[in-house]
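Atom set for the values below is all heavy atoms of this structure, side chains included, hydrogens, waters and symmetry mates excluded.
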Amino acid sequence: MRPPARRGRRLALPALLSLLTCSLAFALVSEDVKKEAKQSKNLEKSDISKKNDIDLKEIVFVIQSQSNSFHVKKAEQLKQSILKQSADLTQEMPTVLLLHQLAQQEGAWTILPLLPHFSVMYSRNSSWIFFCEEETRIQIVQLLETLRRYDPSKEWFLGKALYDEESTIIHHYAFSENPTVFKYPDLAAGWALSIPLVNKLTKRLKSESLKSDFTIDLKHEIALYIWDGGDGLPLTPVPEFCTDVVGSSCATSFQSSLPLCGNPVKKEDIFVAVKTCKKFHGDRIPIVKQTWAGQAGHLEYYSDYTDSSIPTVDLGIPNTDRGHCGKTFAILERFLNHSHDKIPWLVIVDDDTLISISRLRHLLSCYDAREPMFLGERYGYGLGTGGYSYVTGGGGMVFSREAIRRLLTSKCRCYSNDAPDDMVLGMCFSGLGIPVTHSPLFHQARPVDYPKDYLSHQVPVSFHKHWNIDPVKVYFTWLAPGEQDRARQQRRRGLQEEL
């Protein structure tokens with residue numbers, strides 16, 4: 001039986017060679033097909049780019065700047081970067097606008113009130129309005145290539161998509177059945193509106209006033225307005241709009257580090273006031289002491305009851321279930337007129353605020369306490385019809401001594417002890433011409449209330465609320481000083497030296 005078996009193997013050899021030859025030929029043909037397909041795709045992309053060819057002069061850049069001197073400097077640096085890159089391309093220069101210079105109205109930062117201005121000024125010769133933050137980094141060549149994929153004669157709302165993983169209070173529990181379905185832009189990555197969409201939104205703004213009294217999360221509310229209950233336009237996600245640099249295709253990225261402008265402010269130069277009341281002495285104050293209290297140079301607990309074991313200070317203001325305006329103004333009076341005359345900064349927090357004093361010290365190095373400063377997470381009330389901006393209290397309110405002096409010299413006061421303190425302060429400072437300085441590093445809610453992708457490019461300063469979380473774990477996960485903070489500052493110094 002063995003010889004036939006050997007003959008079978010010899011007879012199979014030509015068939016095997018034939019099979020290998022066919023397989024190789026098929027592989028070569030397949031590779032050619034892939035190359036042709038890739039070339040076809042590239043040609044198609046090239047054709048799209050040619051069809052939608054735009055020049056830099058057709059893009060209006062709007063830097064979402066603030067009037068504080070530190071923020072003006074950052075915005076000017078970004079403006080010069082955009083103009084330098086544009087000059088290197090030997091194209092006609094684009095228009096670059098600083099948001100705080102566009103209008104004196106309080107609500108300019110909410111963008112929507114400015115769309116009629118953009119429509120009138122730029123609809124004839126422009127194709128896109130591109131918005132970005134002061135720390136956004138833009139690669140002009142890649143941005144041009146990206147925008148050329150989209151027909152500028154059509155309505156477009158472009159950005160890096162964020163979504164809620166679960167319904168959240170800061171978005172009024174919108175889309176509670178499936179919050180992931182609604183996408184809104186990460187402003188740090190930049191976002192763009194085509195001129196046809198700007199014109200459409202302008203017509204709507206002229207025919208009906210903005211409905212919401214409150215501006216809480218600008219990026220979500222802009223997307224909701226443009227979506228218009230499903231009758232408008234959803235966000236088109238653009239992978240080239242980045243926060244982290246994940247490849248050479250990114251048209252934008254974001255500087256995700258804590259600002260540092262020289263040495264951190266000394267902890268002795270910050271006075272921390274914690275608002276509390278008797279019913280929370282037993283559960284909230286121990287968490288403050290277990291987490292961030294040890295970082296503070298000066299700290300007092302203000303209550304409706306004197307408890308020497310904490311200790312607390314009774315300001316003589318009855319506790320209220322909401323508002324706490326009377327208590328807050330009493331804290332301001334005590335800071336300005338009593339034993340703290342040499343301390344330049346005051347921070348007022350709730351007893352369920354979690355805060356990093358070490359990071360706050362770094363942040364405050366960029367601001368001048370001799371200027372009237374009111375710093376924190378900015379909200380707005382009634383901005384479509386005048387209104388005012390305010391710092392939401394839960395994330396922490398930071399005051400320079402000069403701001404407090406001007407406030408208390410004025411006649412602006414609480415209309416009742418239980419009035420909302422943060423809103424009354426916003427109204428008072430607005431009347432005094434002292435703008436809110438916004439920092440997204442302060443948070444009115446818990447980490448779980450924000451998209452992970454949004455928090456991933458932040459070095460947070462504060463969070464608020466103990467509801468359904470372990471506050472100690474949240475503090476040590478998100479806010480406690482550690483090696484990462486030191487490494488970030490070393491990288492920051494390296495970048496500054498390179499620049």
Extract all donor-acceptor atom pairs below 3.5 Å that involve side chains of residues 158-171 and protein atoms in other chains or at least two apart in sequence.
from	atom 1	to	atom 2	distance (Å)
K160	NZ	T243	OG1	2.5
K160	NZ	D453	OD2	3.2
D164	OD1	H171	ND1	3.3
D164	OD1	Y184	OH	2.7
D164	OD2	H171	ND1	2.6
T168	OG1	I170	N	3.4
T168	OG1	D449	O	3.4
T168	OG1	D449	OD1	3.2
H171	NE2	D217	OD2	2.6

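Residues passing the side chain to side chain donor-acceptor pair (under 3.5 Å) test with R405 are E402, sequence neighbours excluded. Partners of S65 by side chain to side chain donor-acceptor pair (under 3.5 Å), not counting sequence neighbours, listed by chain and number: H100. In this structure, C132 has no disulfide bond (SG atoms under 2.5 Å apart) partners at least two apart in sequence or on a different chain. Residues meeting the side-chain contact (heavy atoms from CB on, under 4.5 Å) test with N178, sequence neighbours left out: T180, V181. Partners of S430 by side chain to side chain donor-acceptor pair (under 3.5 Å), not counting sequence neighbours, listed by chain and number: E106. A search for salt bridge (Lys or Arg N to Asp or Glu O under 4.0 Å) contacts involving K154 returns nothing, not counting sequence neighbours. In terms of the salt bridge (Lys or Arg N to Asp or Glu O under 4.0 Å) criterion, residue partners of R370 (sequence neighbours excluded) are, by chain and number, D368.
Counting only residues at least two apart or in different chains, salt bridge (charged side-chain N to carboxylate O under 4.0 Å, His left out) contacts with residues 179-201 comprise E155-K200. Note on residues 421-456: pairs passing disulfide (SG to SG under 2.5 Å), not counting sequence neighbours, are C412-C428. Within the structure, salt bridge (charged side-chain N to carboxylate O under 4.0 Å, His left out) contacts touching residues 388-399 (residues at least two apart or in different chains) do not occur. Residue pairs that meet the salt bridge (charged side-chain N to carboxylate O under 4.0 Å, His left out) test with at least one member in residues 420-442, sequence neighbours left out, are K275-D421.
No hydrogens or angles considered: nothing links the side chains of E371 and Y367 as a donor-acceptor pair under 3.5 Å. Side-chain contact check for H438 and Q66: no donor-acceptor pair (N or O, by modelled atom type) lies under 3.5 Å. Under the 3.5 Å distance criterion, with hydrogens and angles disregarded, a donor-acceptor pair is assigned to the side chains of S81 and Q85.
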